[in-house]
Amino acid sequence: MKEFTMEKMKEACGVFGIINNDDYDVARFTYYGLYSLQHRGQESAGIAVKNGATILCHKDMGLAHEVFNKVILNQLQGTIAIGHVRYSTTGASEVQNAQPMVLRYRNGNMSLAHNGNLVNASKLRDELEAQGAIFQSTNDTEVIANLISRYRVLNDNIVDTLKNVMDDIRGSYAITMITPKRLVGMRDPLGIRPLCLGKIKNSYAFASESCALDAIGAEFIRDINPGEIVLIDHEGNIESHNTVEKGCRKLCIFEHVYFARPDSIIDGVCSHKARVEAGRILAREYPVKADLVAGTPDGGVDAALGFSRESGIPYGHALIKNRYVGRTFIQPEQTQRDSGVSIKFNPIRSEIEGKRVVLIDDSIVRGTTTRQIVQMLKEDGAKEVHMRISSPPYKYPCFFGIDTSTRKQLVASKNSIDDIRNLIGADSLGYLSLEGLLESVKGDKCGYCTACFDGDYPMEVPFETLKNSCG
Ligand code: AMP
């Protein structure tokens, strides 16, 4: 029997890190942190713990609660821990690519967990291999690890080492790291991927999103700045090094559109608030006469709330999502409705029958899910289905951690909005403008990477891939 993976855009990973200056169980806290970052990656999970001079690590394919149990967590005793949940963007989906990575280098043991994607990883890998380096995995993180170990030999401290590495690597990265004495957090010079710092009593934690700090009862202190390296020791000393002049931040705007948990606050913006605001603006940009506003769970519900509040059209639930459908499941027979969408979503007939429904979703990527959902709503009696998307047409592939495959597969890259409306079978279709989206996050183009919507990449990207992907 064969298992199929749902054809989906892949998402970024989640990282966590904690240094214990009290009497906390760092592995357990990391587990809770990963649990709340699970939405950022469901393929593999891992925790590394510093125990004296040794680093203990457990990682495997699966969700955090599938990979860890009490016995395993009890074995992971130590004073500093980092953790990772992964959804592969670079490198195959296999356990060798699971993180954190643990390596032995001249100064002892080190471990790192990385969220993001390097655009020059294959060039760096080639150069390192030409110098005799051996790689065990196919992910970018091992390239970073290799560079750290090489530059550490040339420098007498970790900060200069990391600065040298940052000069070499290009792309997006939010990294947590265990060094022989400290917990380290660092963010790429444009701050494309999020990373924040929290405090619980005398202990400190880094997390991709503030929701993970909430989960362990830590107080949010601040976001790590773009290009910043933060090192924390067991005395509670925090050392910060900024490697870039204050310039444009380029947080991935898709974090607020889709990735981040709505209760997370990233770079001062609450994702839930931004999504509600996006819905309000969308209602002004694309008004429609209707009886019900609903969101596709979970991505569309916050914006649907905003659309309803702005338009005065009642808010309700049109669809129920089965929360227990994981990423991988046995594909139903072809006689059943296409690719399992009917297993994941089911309309509530009594809510939609005879009604003009405005359905809000955060994005249309390939268009396949949206088409099937519109069809389901109509089959279950909706009189009209007006699709509203709380972000602009997704036209360009991402090189910074969101694997949107090839441009060819992005429905908006080659179709007009009217063609897409036709393809998905909706009565009308409206996308939020880029200006509207930026207004919803209280930002401007200097503040966010909007490349997936306008092709304006914040750095040179591998054009060959882009050319190929334009197909
Ligand atoms: P489709 O119509 O097949 O393009 O699917 C659109 C749906 O995919 C929307 O409900 C989005 O919330 C969802 N979506 C957007 N980005 C991602 C992602 N990175 N991983 C999984 N689903 C996503």
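All ligand and atom numbering here is 1-based and tracks the order in the structure.
- Side-chain polar atoms of Gln38 and Gln42 form no donor-acceptor pair below 3.5 angstrom.
- Looking at Thr370 against ligand 1, both its backbone and its side chain come within 4.0 Å, counting heavy atoms.
- The salt bridge (Lys or Arg N to Asp or Glu O under 4.0 Å) pairs that include a residue from residues 381-396 number zero, where partners must be two or more places apart or lie in different chains.
- Salt-bridge annotation for Lys442 and Asp267: absent, with no side-chain N of the basic residue lying under 4.0 Å from a carboxylate O of the acidic one.
- By heavy-atom distance, the residue among Phe254, Tyr258, Phe345, Phe259 lying nearest atom 23 (C) of ligand 1 is Tyr258.
- Ion pairing of Glu43 with Arg86 is present here, as a side-chain N (NZ or NE/NH1/NH2) and a carboxylate O approach within less than 4.0 Å.
- Within the listing of ligand 1, atoms 1 (P), 4 (O) sit less than 4.0 angstrom from a heavy atom of Arg366.
- Near Thr368, the atoms of ligand 1 lying under 4.0 angstrom from a non-hydrogen atom of the residue are 1 (P), 2 (O), 3 (O).
- In this structure a side-chain-to-backbone donor-acceptor pair under 3.5 Å is missing from Ser428 to His386.
- The part of Asp361 lying near ligand 1 is the side chain, judged by heavy-atom distances below 4.0 Å.
- Ion pairing of Glu209 with Arg261 is absent here, as no side-chain N (NZ or NE/NH1/NH2) approaches a carboxylate O to less than 4.0 Å.
- Within the 4.0 Å heavy-atom shell around ligand 1 one does not find Tyr394.
- Heavy atoms of Ile402 come nearer than 4.0 angstrom to ligand 1 in no pair at all.
- Every atom of ligand 1 with a heavy atom of Asp362 under 4.0 Å away is listed here by number and element: 11 (C), 12 (O), 15 (C).
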